[in-house]
Amino acid sequence: MTHETYTNPVLNADWSDPDVIRVGDDFYLTASSFGRVPGLPLLHSRDLVNWTLVGHALERLEPAAEFTTPRHDCGVWAPALRYHDERFWIFWGDPDQGIFQVNAPEIRGPWTQPHLLKEGKGLIDPCPLWDDDHDEAYLVHAWAKSRAGIKNRLTGHRMHPDGTTLLDDGKVVVDADRIPGWFTLEGPKLHLHDGWFWILAPAGGVGTGWQGAFRSRGFFGPYEEKVVLEQGDTDVNGPHQGAWVRTPSGEDWFLHFQQRGAYGRLVHLQPMRWDDDGWPVIGDAGAPVAVHRKPDLPPQPTAAPATDDDFPGGRYGRQWQWTANPQDGWATHHSGDGLRLTCARTTDTDDLRRLPNLLTQRLPAEPVAVEVELRLHSQEVGARAGLAVLGDAYSWIGLQRGADGTVMFVHRFAEPVADRERDASEPCPAPSGRVHLRIEIGTNARCRFFYDVGDGQRPSGQVFAATPWRWVGALLGLFALAPVGTGHAGAAGFARFRISSLH
């Protein structure tokens, strides 16, 4: 009998720090969203291979005043998704605020407002556990040295079963400084299995580390440890931090990420079993698999999170996120198709990295062409709009209205150390105020830019290698802006956003 196979990664874009649960016949995944809004993406699958984006659990980042401007590497870190007492729960750490929690009766909501469970700096990667047999609840979390001055240890608490308060000051349950060769222990996921408390946690760093398993007969330890997944002879670097999930037929699977530079953290699916000593064995004898038999689940149609968008009625799809808490009026609804972005007035016209009104989605981790049609409606001198590849460095193509009133095609970029952008090519007249923009993103996220102002497609500028932020992969972005002034600065229209394979 032949079995269908899947090929890793199963999510070929930056779905960072994934956590997954099963509820009935459905699997749900959430991931870090850092400083983008809405936050806490919610994905659904029936086979662990094909995933669709069904919503977000966090409408705005809190406290709201902290996220009026971009904080790309801050915000929502490494959430834990659980189902308990007929509710979905998500716990996450904001390294500057503390540990938050939201919950909902259905995956699509309505979700509660964020509840601050534990205030403090450097509290990250929380995960709850309910032991219903003993009417107990627990929480474990890690530490960010950049905020707390400590790392490489996991702290455990007793928690009220309603998830609103912690019942003690916490105790270090695993101190990896005491384990030879271990460093940067973080990202714990807490489970009860076979009479043991289990903490599945990565160590060794985002791009180079391994997946560890810890077990103890009591929550507060002592724990024994074992490495259960590492790169081995494969090309999957740093395979770790993810979710153990069991199918209805009893199969065990593990989803984890791989750090891939500008592409961010891609999600892989690994088979999992238990050895004779009761330890998990992930992948092929502890090394990641590239191709494997699909899980024993009903066949599903091929699916992936959406990327294309016609913006019906001016509304953008779930795949888009702002780079800070949005303000009313940035995108306006209307009767036709196409996205209408207001040219928001700003003092940061020379640095897109500072713009809160940049609408982004993830960069696919395969060769693709990104295309969109743009029309600049603003009459404001200096108003501009475009399509960007955004990271610690960025490059964008689009339109700008010049001092003499003409609309020009422009191509600009900024290096990581630069505090303002500069031209990547000579401006070119766009007499109709329209342009078709195209970015071809090849191997190693190397970007080539093209434009068509009505007389055929032309290349623009040098090849640009996309760069990530510190923790976030590069982003694709649409924006419209204008210099500081008085009155409404007009708008820009975007139509037929498409991402197509270059294979």
For the backbone of Pro356 and the side chain of Thr323, can you confirm whether one donor and one acceptor N or O come within less than 3.5 Å of each other? yes
Please find the pair of heavy atoms, one from Arg353 and one from Leu390, that lie closest to each other, and give the distance. CG-CD1, 4.1 Å
For atom CD of Gln300, is the number of surrounding heavy atoms from other residues, nucleotides or ligands below 6.0 Å larger than 12? yes
Determine yes or no for a side-chain-to-main-chain donor-acceptor pair under 3.5 angstrom, with Trp89 supplying the side chain and His84 the backbone. yes
So do the side chains of Met408 and Cys428 get within less than 4.5 Å of each other, counting heavy atoms only? no
Nearest heavy-atom pair of Ala489 and Glu380: which atoms, and what distance? O-CB, 4.0 Å
Is there side-chain contact between Arg340 and Phe311, with at least one heavy-atom pair below 4.5 Å? no
Please give me the minimum heavy-atom distance between Gln241 and Pro202, naming the atom from each residue. OE1-CG, 3.4 Å
Salt bridge check, Asp25 against Arg46: does any charged N sit closer than 4.0 Å to a carboxylate O? no
One pair to check against side chain to side chain contact (heavy atoms under 4.5 Å, CB included): Leu476 and Ile441. What are the steps and the verdict? CA-CA 11 Å; Leu476 299 171; Ile441 305 173; 4.1 Å; yes
Do the two ring centres, one from Trp92 and one from Phe100, sit under 6.0 Å apart? yes
Regarding Asp309 and Arg315, does a basic nitrogen lie under 4.0 Å from an acidic carboxylate oxygen? no
Are Phe413 and Phe464 an aromatic pair by the rule of ring centers under 6.0 Å? no
Are the charged groups of Arg438 and Glu440 less than 4.0 angstrom apart, N to O? yes
Rounded distance [0.5 Å steps], CZ in Arg375 versus CG in Leu399: 11.0 Å
Kindly assign one of parallel, tilted or perpendicular to the pair His292 and Tyr6, based on the angle between their ring planes and the thresholds 30° and 60°. tilted
What's the shortest heavy-atom distance between Gly314 and Leu339, and which atoms? O-CD1, 3.8 Å
Tell me whether Gln361 contacts the main-chain N or O of Thr307 through its side chain, where contact means a donor paired with an acceptor under 3.5 Å. yes
Trace of the side chain to side chain donor-acceptor pair (under 3.5 Å) decision for His256 with Gln270: CA-CA 8 Å; His256 66 89; Gln270 303 294 338; 3.1 Å; yes
Got a donor-acceptor contact below 3.5 angstrom from the Asp94 side chain to the Asp96 backbone? yes
Roughly how far, to the nearest 0.5 Å, is CH2 of Trp51 from CH2 of Trp15? 11.0 Å
Distance (rounded to the nearest 0.5 Å) between Leu129 CG and Lys189 NZ: 13.0 Å
Verdict with reasoning, Glu366 to Tyr263, per side chain to side chain contact (heavy atoms under 4.5 Å, CB included): CA-CA 9 Å; Glu366 59 183 337; Tyr263 300 120; over 6 Å; no
Donor-acceptor pair, side chain of Tyr451 and main chain of Ile397, under 3.5 angstrom: no
Within-4.5 Å side-chain heavy-atom neighbours: His141 and Asp125: no
Does any non-hydrogen side-chain atom of Arg60 lie less than 4.5 Å from one of Pro326? yes
Side chain Arg384, main chain Thr349, donor-acceptor under 3.5 Å: yes
Under-4.0 Å salt bridge between Arg458 and Asp455: yes
May I ask you to test the Pro248-Leu297 pair for a side-chain heavy-atom distance under 4.5 Å? yes
Is it true that a side-chain atom of Glu186 and a backbone atom of Ile124 form a donor plus acceptor pair closer than 3.5 Å? no
Audit row: Ser16, Asp14, side chain to side chain donor-acceptor pair (under 3.5 Å) steps and yes/no: CA-CA 5 Å; Ser16 179; Asp14 187 23; 4.5 Å; no
Do Phe34 and Trp469 have ring centroids that are under 6.0 Å from one another? no
Got Leu11 and Leu255 here, is their nearest side-chain heavy-atom distance under 4.5 Å? no
Full working for salt bridge (Lys or Arg N to Asp or Glu O under 4.0 Å) between Glu415 and Arg422: CA-CA 9 Å; Glu415 304 161 81; Arg422 55 195 179 98; 3.6 Å; yes
Can you name the residues that form a salt bridge (charged side-chain N to carboxylate O under 4.0 Å, His left out) with Glu59, not counting sequence neighbours? none
Between Val23 and Ile107, is a side chain to side chain contact (heavy atoms under 4.5 Å, CB included) present by the stated rule, with each step listed? CA-CA 10 Å; Val23 180; Ile107 195 69; over 6 Å; no
So, taking the atom named CD in Gln258 and the one named CG in Asn8, what distance separates them when rounded to the nearest 0.5 Å? 9.0 Å
Keeping Asp19 on the side-chain end and Ala78 on the backbone end, is there a donor-acceptor pair under 3.5 Å? no
Measure centre to centre between the rings of Phe27 and Trp253, then say whether the value is under 6.0 Å. no
Gap separating the CD atom of Gln101 from the CZ atom of Phe91, nearest 0.5 angstrom: 4.5 Å
For Leu42 and Ile90, work out which heavy atoms get closest and say how close. CD2-CD1, 3.9 Å
With a 3.5 Å distance limit and no angle check, can you tell me whether Asp47 reaches the backbone of Pro299 through a side-chain donor-acceptor pair? no
Residue pair Val472 / Asp73, side-chain heavy-atom distance below 4.5 Å: yes
Just say parallel, tilted or perpendicular for the rings of Trp322 and Tyr316, cut-offs at 30° and 60°. perpendicular
Hey, does the side chain of Gln400 reach the backbone of Ala383 with a donor-acceptor pair shorter than 3.5 angstrom? no
Using 0.5 Å steps for rounding, measure from the CG atom of Asp423 to the CD atom of Glu421. 8.5 Å
Give me the atom names and distance for the closest heavy-atom approach of His56 to Gly39. CB-O, 3.2 Å
